[in-house]
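Scroll down for the structure; my scribbles are underneath it.
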Amino acid sequence: MYVVLIGPPGSGKGTQSRRISEKYGIRHLSTGELLRQEVASGTAAGVATQNLIENGRLAPDELMIEMVSRRLEEPEYERGCLFDGFPRTIDQAEMLRELLQERGAKVAAALEFQTPMDELLRRLGSRGRKDDRPEIRRRRLDDYVRTTAPVVEYYRGQSLLHPINALGDESEVFARIESVLGAVETAEN
Ligand code: AMP
């Protein structure tokens with residue numbers, strides 16, 4: 001089962017990813033994490049994108065799809081994958097569709113974590129970074145909404161979008177995810 005996870009910083013995506021990955025036996029693939037590893041090991045891709053990443057800009061689509069495609073060739077991704085932070089653009093979404101189609105697969109669901117803006121601002125604030133002033137936090141969240149909105153619409157257009165209320169404790173949120181993915185899994189088999 002291939003699942004796309006869309007959620008703003010502070011929405012609890014990391015925690016839920018681990019639980020989803022465990023329960024459904026699918027690998028968690030965070031493109032942000034992959035890029036940070038490339039930067040840390042000083043690969044050509046890492047050197048080329050370090051600046052973009054540090055300034056919160058998107059890395060080039062070709063690089064992203066290349067990285068994802070390489071991972072999907074590995075046997076541990078055969079059962080599916082939980083994409084985290086990918087796709088970020090319509091081109092990436094289209095390329096992902098083609099990549100999966102070549103494998104006779106497709107995205108089964110896109111989960112959109114929904115958390116009210118004031119709650120996100122509060123959570124990011126409590127992370128306690130001194131330079132994380134409210135107006136900067138606000139800008140990061142506005143950027144998130146602006147860049148992911150087209151991807152959200154893309155999946156809505158394909159009837160694959162499932163909004164998840166991300167307010168509440170960890171287990172409560174996970175129960176909502178389970179009810180969506182349980183139905184999706186049944187429909188797939
Ligand atoms: P994240 O950990 O998902 O917030 O990603 C950290 C940074 O990596 C982002 O701010 C981008 O610079 C880059 N990045 C991660 N995923 C993508 C993607 N799918 N497309 C382009 N850039 C990405």
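In listed order, ligands and their atoms are each counted from 1. In this text, all values refer to a predicted model and were calculated from it rather than measured experimentally. Side chains are part of it too, since the values below use all heavy atoms of this structure and drop only hydrogens, waters and symmetry mates.
Note: no N/O pair closer than 3.5 Å links Ser30 and ligand 1 by distance alone. Checking only distances, Ala59 does come within under 3.5 Å of ligand 1, N or O to N or O. Inclusion of Arg57 in the set of residues having an N or O under 3.5 Å from an N or O of ligand 1 is warranted. Between Phe86 and ligand 1, no N or O atom pair is found at a separation short of 3.5 Å.
Panel note: side chain Arg27, backbone Cys81; no donor-acceptor pair is recorded below 3.5 Å. Judged by distance alone, with hydrogens and angles left aside, the side-chain atoms of Arg176 form a donor-acceptor pair with the main-chain N or O of Asn165 at under 3.5 Å.
Ligand 1 has Arg36 within reach: a non-hydrogen atom of the residue lies less than 4.0 Å from it.
Look at Arg156 and Glu153 and you find a salt bridge, because one of the NZ, NE, NH1 or NH2 atoms lies within 4.0 Å of a carboxylate O, short of that distance. Note on Arg18 versus Glu22: no salt bridge recorded, every NZ/NE/NH1/NH2 to OD/OE distance being 4.0 Å or above. Ion pairing between Asp142 and Arg146 fails under the 4.0 Å rule for side-chain N and carboxylate O. Between Arg19 and Glu170, at least one side-chain nitrogen of the basic residue sits less than 4.0 Å from a carboxylate oxygen of the acidic one, meeting the salt-bridge criterion.
For ligand 1, the atoms sitting less than 4.0 Å from at least one non-hydrogen atom of Leu35 are 8 (O), 13 (C), 14 (N), 15 (C), 23 (C), numbered in the order shown with element in parentheses. The distance from ligand 1 to the heavy atoms of Gln92 drops below 4.0 Å at these ligand atoms: 18 (C), 19 (N), 20 (N), 21 (C).
Closest to atom 16 (N) of ligand 1, if we only count protein heavy atoms, is Thr31 OG1, 2.8 Å.
Heavy-atom proximity to atom 18 (C) of ligand 1, evaluated over Glu54, Arg88, Gln50, is greatest for Arg88. Considering each of Leu34, Val68, Ile53, Asn51, the one bringing a non-hydrogen atom nearest atom 7 (C) of ligand 1 is Ile53. Around atom 15 (C) of ligand 1, the closest heavy atom drawn from Pro9, Gly14, Pro8, Gly32 belongs to Gly32. With Ala93, Gly85, Gly7 as candidates, the residue nearest to atom 19 (N) of ligand 1 on a non-hydrogen basis is Gly85.
Annotation for Arg79: atom CZ does not count as buried by contact number, only 12 or fewer foreign heavy atoms lying within 6.0 Å.
Rounded to the nearest 0.5 Å, atoms OH (Tyr154) and CD1 (Ile6) are 11.5 Å apart.
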